[in-house]
Amino acid sequence: MYISAQTALLGLICVCIAGAVRYEPNWKSIDSRPLPEWFDNDKVGIFLHWGVFSVISYKNAWFWHDWKISKDPQMIAFMNKNYRPDFTYADFAHKFTAEFYEPDRWAEIFKASGARYVVLTSKHHEGFTLWPSKVSWNWNAMDVGPNRDLVGDLAKAVRKADLRFGLYHSLYEWFNPLYLEDQANKWTTNRFVTQKVRPGLEEIVNAYKPDVIWSDGDWEAPDTYWNSTDFLAWLYNDSPVKDTVVTNDRWGQGLQQKHGGYYSGPDRNLPDVLQKHKYENAMTLDKNAWTFRREVQLSDFITPHDLIATLVQTVSCNGNILVNVGPTHDGRIAPIFEQRLREMGSWLGVNGEAIYGSKPWTHQNDTITPHIWFTKNGKSDKTVYASVLDWPESTGHVVLGAVKYSTVSSVQLLGLKDPALKFTEGKDGATNVQFPPGVSPESAIRFAYVLKIVLK
Ligand SMILES: *[C@@H]1O[C@H](CO)[C@@H](O)[C@H](O)[C@H]1NC(C)=O
Ligand SMILES: *[C@@H]1O[C@H](CO)[C@@H](O)[C@H](O)[C@H]1NC(C)=O
């Protein structure tokens, strides 16, 4: 009896191992992998654009491209005015000093923002790696500039703060001679991919075990050139993060919103209707740039109200939000970024149950009153959350057309001492929810008022 039970158990284990899914290097197989659950639960991430472009900190992260490839007169004039005639882009790297870089302090701010994951540019289109890459000799943060493994130090700090850590990685590099050679050969050769991209990707996966690979810079060449499905099959089958890693959809020309993991779609992707496929809205606190820029004005920053409005709309439509911050070349997060992040965190501190672990509801926004976005509790279909963006000054109540009065058991306003609200039947069976007299303007909930609606 004992023997046979043991044998049976062994048999079962063998079946399980044999039955473990192995992904094949084709899109059908790669796309069949379920998205690891943590991603949909966590909802809020921080995006960091940091690199040599943070030294110039003028206009955007595409400075080198705009200066030398687009030959943008504004960039040329800027260089002529401020730098000696033979100044090269590489000369900026020495000034990437990061002397104030305290990863634990960054991690504390990200934690306080309510974000659950952090995604850092390990390598942007300029090709400079923020980790000591063996395939980026003298063009990495250990050899030039900070003389430090910026990626590894942040990974440690972020994980110590109990956040997940992910890496952005640009496939293409504007000026890499191997890339330019493959491009000139119309992608019939791929030395850049075999000698640079693939080894680099394996380095970051093996060394930092990222929870996200945020791929970018794919659009000039087909996925067959990038050998994307081969990399993804390795990532999902054999890499140290095979069970936890999530990826996006930027793996080759024309693949956005078609293949890969979740859809990152276009930048600042803010749909207003339900998306069937899980997506992420990568957006910026400085509305006009991904990198820190010195000429930025206060009015360029998204207001806390608009930030929360974007957050609730994104989550209602089945998205995560990835909130971008541009650190400075010397390793600081400027106070205005920190302020926005802490505001988001204080709102999430009160209203997080409407966001984390939530699922899209039957309706995304209300059918009568504008600027109301719904989610439902991930564990119970009976609990629905309505994030009301505007306090009903004039009427004192909001009309919820999407919520039938006859189905409602109770309504609460999260964050109030006495959260229970009165509700009555409105026109055509709608629910009219009576708001209490105004909340204090200092209150963390003033950017969106979350109604927790329990259905019968
Ligand atoms: C893709 O990668 C695999 C594994 O490194 C390699 O065997 C294959 O030749 C590559 N394909 C192309 C087109 O480079
Ligand atoms: C709900 O959203 C849809 C899509 O944006 C829009 O057409 C509709 O007007 C919105 N409803 C209200 C009441 O604002």
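Order of listing sets the numbers, starting from 1, for every ligand and every atom in it.
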Next item on the list: Check the angle between the aromatic planes of Phe128 and Phe96 and answer parallel, tilted or perpendicular using the 30° and 60° thresholds.
Entry: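 It falls in the tilted class, 30° to 60°.
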Check: How would you list all residue pairs meeting ring pair (Phe, Tyr, Trp, His ring centres under 6.0 Å) that involve residues 408-441, not counting sequence neighbours?
Finding: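 Checked against ring pair (Phe, Tyr, Trp, His ring centres under 6.0 Å) - neighbours excluded - the pairs reaching residues 408-441 are Trp391-Phe435, Tyr405-Phe423.
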Note to self: Using side-chain heavy atoms (C-beta onward) and a distance below 4.5 Å, is Lys156 in contact with Pro103?
What the structure shows: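 Of all side-chain heavy-atom pairs linking Pro103 with Lys156, none is under 4.5 Å.
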Notebook entry, point to check: Looking only at side chains, do Ser215 and Tyr168 share a donor and an acceptor under 3.5 Å apart?
Noted result: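 Side chains of Ser215 and Tyr168: no pair found under 3.5 Å.
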Next item on the list: Heavy-atom cut-off of under 4.0 Å around ligand 1: list whichever protein residues fall inside it, by chain and number.
Entry: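 Within 4.0 Å of ligand 1, the protein residues are Asn190, Arg198, Asn227, Asp230.
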Ligand-residue contact atoms, ligand 2 with [X], heavy atoms, under 4.0 Å:
{"X": "Asn365", "value": "1 (C), 2 (O), 3 (C), 8 (C), 10 (C), 11 (N), 12 (C)"}
{"X": "Asp366", "value": "11 (N), 12 (C), 13 (C)"}
{"X": "Pro370", "value": "13 (C), 14 (O)"}

Under 3.5 Å donor-acceptor pairs involving side-chain atoms of residues 392-400, not counting sequence neighbours:
residue: Thr395; atom: OG1; partner: His397; partner atom: N; Å: 3.2
residue: Thr395; atom: OG1; partner: His397; partner atom: O; Å: 2.8
residue: His397; atom: ND1; partner: Thr395; partner atom: O; Å: 3.4

Notebook entry, point to check: Would you call Arg446 and Glu343 a salt bridge, using N to O less than 4.0 angstrom?
Noted result: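 Salt bridge present between Arg446 and Glu343.
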Item checked: With sequence neighbours excluded, residues passing side-chain hydrogen bond (donor to acceptor under 3.5 Å, both in side chains) with Thr88 ->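 Result, side-chain hydrogen bond (donor to acceptor under 3.5 Å, both in side chains) vs Thr88: Asp91.
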Note to self: For the 3.5 Å polar cut-off, considering only N or O atoms, please tell me whether Asp272 and ligand 2 meet it.
What the structure shows: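 So ligand 2 has an N or O lying under 3.5 Å from an N or O of Asp272.
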Note to self: Does Arg198 qualify as a cation-pi partner of Phe231, given the criterion of NZ or CZ under 6.0 Å from the six-membered ring centre and within 45 degrees of its axis?
What the structure shows: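 Judged by the rule (NZ or CZ under 6.0 Å from the ring centre, within 45° of its axis), Arg198 is not positioned above Phe231.
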